[in-house]
Amino acid sequence: MCNISYGVSFAVLLFSVIVSYIFVMNLKQTELMAKTGLIFLSNVTKINDICLKASKYVKNRLYIKINGKPDNMLPVVSKQIVDLYSQATSKCNNLDVRLLLKSTESKNIKTNYPIDLILYDSHLTKDINSLQQSVLSLNSGSKVHSIELKLNDFGKTNEEPVKTYEYVALGGTFDRLHNGHKILLSQAALRATKHVTVGVTDVNMIQSKKLWELIEPIENRIKAVVDFLTDINPDLEYNVVPIRDLYGPTKDDPRYQLIVVSEETARGAVKINEKRKENGLQPLETYVIKLAQDLHPERSHEEEEKVSSSNHRMRLLGTILKPPVPNPNIPDWPYVIGLAGGIASGKSNIAEKLKAKGAAIINCDIIAHDLYKPGLPLNSTLSETFGQNIITETGEVDRRKLGTIVFSDKEQLEKLNSIVWPAVIEEAQRRVRALGEEGHKVVVMEAAVMVRAKWYTHCHQLWSVIIPPEEAVKRLQKRNGLSEEEAKQRISSQPSNLEQVANANIVFSPYWSYEYTQSQIDRAWSHLQEYLRSRK
Ligand SMILES: CC(C)(COP(=O)(O)OP(=O)(O)OC[C@H]1O[C@@H](n2cnc3c(N)ncnc32)[C@H](O)[C@@H]1O)[C@@H](O)C(=O)NCCC(=O)NCCS
Ligand SMILES: Nc1ncnc2c1ncn2[C@@H]1O[C@H](COP(=O)(O)OP(=O)(O)OP(=O)(O)O)[C@@H](O)[C@H]1O
């Protein structure tokens with residue numbers, strides 16, 4: 001009996017020791033979890049398993065500094081740039097990884113973001129004090145920690161020697177800087193001894209891109225490119241400029257010697273050289289990089305295989321683009337979502353899917369139709385304003401006739417809006433209150449004119465639905481039997497996709513498969529539930 005109770009006590013003791021050990025280890029690990037980390041590597045070939053290891057200690061940004069003389073190992077660094085950023089995509093996509101390229105001849109390291117944690121590979125133990133002193137951008141209270149990294153077999157470096165140039169150029173859209181962009185920018189910086197020019201596409205050049213309405217403003221894109229380049233090598237001169245055509249400054253500036261492109265933009269380099277020839281200039285040498293593949297574990301087959309900003313934008317659908325702010329002008333409950341979207345954008349289908357999730361729906365288009373019924377005040381106001389011939393024999397408003405009048409004449413449409421809109425929004429608000437009283441928590445107010453009439457000011461959030469205008473034309477022709485001309489006219493009488501998304505908290509695009517649309521709704525609904533729980 002006694003033996004059994006000793007045994008039990010011992011087991012309990014052992015268990016508590018193990019639990020406290022795990023707890024203390026975890027605590028140590030969390031204590032070390034830094035926003036921005038810098039890791040010193042003794043050898044360039046240690047880069048291979050760095051992402052997974054470092055992401056246990058660093059959550060936002062990871063700088064990597066290779067000890068040694070990079071000038072002697074440019075081909076190896078060039079290869080490691082590709083390996084590192086490809087690895088970052090699959091192993092630590094949430095970490096902003098930056099391989100510092102500045103020559104170690106210059107002793108000091110000054111990063112754009114202050115360092116909270118210095119990591120070093122254990123082979124550098126004897127040098128760590130001097131390495132630590134070389135970091136000028138250390139946050140107060142920063143920590144130092146060593147980690148074990150395997151020396152990877154790098155194989156034979158059959159890499160071509162890296163040729164360097166004074167003036168290097170490259171170009172692109174650079175929306176939400178990704179690891180493919182980082183490879184391109186780093187390869188350019190590695191090959192430049194003096195100057196790098198980056199042409200960043202202005203708004204006229206981006207409109208054929210997928211979900212271009214969600215591309216960041218050019219100022220932000222330029223800022224991100226400058227931020228990355230000045231971080232990886234602050235000693236070069238950078239000129240990051242908007243371009244309104246493919247050529248940018250490369251077409252007539254004799255100083256440029258090299259252009260860095262990817263497989264998909266190599267054709268652009270050929271065109272630039274044709275233009276330079278016309279202008280009597282030497283052609284640029286071209287360095288072509290391979291496209292980095294998107295190894296995101298949940299990449300949908302709708303998305304591109306290469307790392308791309310389009311994939312990133314597609315993954316933003318159904319997520320919160322703008323955090324909601326409380327609306328003091330309306331009651332807290334029910335929670336009202338304004339659902340906006342152009343004609344034939346798939347707005348009603350989205351509303352149906354939200355209904356299936358549990359939202360109550362108010363359709364403002366139908367409210368307008370209801371208010372036109374014979375005997376109601378709007379019916380007579382409309383016949384007085386637009387003529388008796390818009391009224392059918394049974395006293396109904398002939399909406400097709402009225403549509404023909406207002407959709408071909410802006411003034412008439414504005415006249416109709418000023419008569420109908422106040423009545424529609426008043427009725428919609430009455431219905432919101434009634435649904436709230438019935439116990440509905442979330443009401444979706446669907447309205448084609450949500451944005452133009454600014455009815456989202458009567459809502460807690462605005463969710464917008466967009467599809468490319470060419471697709472809307474096709475869908476409208478098919479659904480309403482309109483000619484291409486008529487369909488285009490209706491679409492152009494509505495706010496553009498850009499206006500629809502300008503104030504949106506969440507954007508949907510039912511342009512791909514039904515499953516892809518459903519996944520956007522699922523994301524949005526779970527964000528909403530989370531938000532509503534935090535609001536209680
Ligand atoms: C002009 C009318 C009679 C045409 O009726 P019809 O049955 O042919 O079309 P319906 O109402 O279903 O609208 C079809 C589409 O046209 C577009 N549309 C409707 N009204 C407008 C408007 N005022 N401005 C721009 N586009 C509009 C929307 O995309 C809508 O989905 C009708 O749309 C109308 O009365 N519009 C004015 C009231 C209004 O703004 N209604 C929308 C409230 S959300
Ligand atoms: N996955 C990638 N790997 C290597 N380089 C890339 C990759 N994606 C884009 N680039 C290159 O980076 C430069 C800028 O790319 P850009 O932003 O124009 O394309 P993108 O990321 O594919 O954007 P979008 O998806 O919006 O078309 C271009 O020269 C482009 O070829």
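Counting starts at 1 for both ligands and their atoms, following the listed order.
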Q) Tell me, do N389 and I391 make a side-chain contact under 4.5 Å, heavy atoms counted? A) no
Within the 4.0 Å heavy-atom cut-off around ligand 2, the contacting residues, ordered by chain and number, are G171, G172, T173, F174, H178, G180, H181, L184, K209, S262, E264, T265, I289, K290, L291, A292, K306, V307, S308, S309, S310, R313
Atom 15 (C) of ligand 1 has as its nearest protein heavy atom I343 CD1, 3.4 Å
Do you see a protein non-hydrogen atom under 4.0 Å from atom 39 (C) of ligand 1?
-> yes
Quick note, ring pair (Phe, Tyr, Trp, His ring centres under 6.0 Å) partners involving residues 186-214, not counting sequence neighbours, are Y167-H195
- Query: Are any of the N/O atoms in R400 less than 3.5 Å from those in ligand 1?
  - Reply: no
Could you tell me how the ring of H369 sits relative to the ring of Y372: parallel (under 30°), tilted (30 to 60°) or perpendicular (over 60°)? tilted
With heavy atoms and a 4.0 Å threshold, my read on which part of H369 contacts ligand 1 is side chain
- [ ] Please work out whether the ring planes of W463 and F508 are parallel, tilted or perpendicular, with thresholds of 30° and 60°.
- [x] perpendicular
heavy-atom search around atom 44 (S) of ligand 1 in the protein gives D365 OD1, 2.9 Å
Rounded to the nearest 0.5 angstrom, the CD-CG distance for Q80 and L190 is 12.0 Å
>> Check for me whether L402 has a heavy atom closer than 4.0 Å to any atom of ligand 1.
In response: yes
